[in-house]
Amino acid sequence: MHTLPKLPYEYNALEPHIDELTMRLHHTKHHQAYIDKLNAAIKGTKFEKIDINAVLKNINEVPENIRTVVRNHGGGHSNHSFFWTIMSPDGGGEPSGEVGDAIKQTFGGFEKFKEIFAEAAMSRFGSGWAWLILQNGKLAVTSTANQDTPISEGKTPVLGLDLWEHSYYKKYGPSRADYIKVWWNVVDWEQVNKLFENIK
Ligand code: MN3
């Protein structure tokens, strides 16, 4: 059975960039709901005991009658569990370490990378996620619809941004662009670098 992971910081810790009420609802209501629906779908199956990312990696091996629920709600659980960990009240600034070098090399600089990432985030129609992923040792920017995860496409997330309106509407209204701009202030590059070093 899956349970809600604790946030690594307080609900108000990402203020003023991400407001307390948004964080509280996002974590206790939205993320919890994905977990509840995932648990209900896999109850009594072998998937109860398998790491959710391992399940999503081989999503086509999940029986058809529960595959869509696992893809949507398991994806929601995986994506949000990841999302909380790559933000921090001490975040922001420029990426350092190996991931900083790789971003410069791949995208031609941090500013250029932010532009490419924002473009991917803005052009994702409807709900979804923007990602920095690693595949075959190479960084790339991509996006997914709904709660689909790059893990199901054989890619490993290094950085991800929730583009669902529930993640920004209370503070930024319909302006996804404003939300993307301020989000850089809470990105935990130290954690992103750790992820990168572990998977590269
Ligand atoms: Mn969300």
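Both ligands and their constituent atoms are indexed starting at 1 by order of listing. This is a predicted model, so every value here is computed, not measured.
- Across all non-hydrogen atoms, the minimal contact from Trp183 to Met87 is NE1-SD, 3.3 Å.
- Counting only protein N, O or S atoms, the number found under 2.8 Å from the Mn ion (ligand 1) is 4.
- Residues Tyr34 and His77 approach most closely at CB-N, 3.9 Å, considering heavy atoms.
- Between Glu111 and Lys114 there is a salt bridge, with a side-chain nitrogen of the basic residue lying less than 4.0 Å from a carboxylate oxygen of the acidic one.
- Checking each of Trp131, Trp164, Trp129 against Phe83 for a ring-ring contact (aromatic ring centres under 6.0 Å, His included) leaves exactly one that passes, namely Trp129.
- Note: Tyr179 and Tyr172 have tilted aromatic rings, judged against thresholds of 30 and 60 degrees for the angle between ring planes.
- Taking the six-membered ring for Trp and thresholds of 30 and 60 degrees, His31 and His80 have ring planes inclined between 30 and 60 degrees apart.
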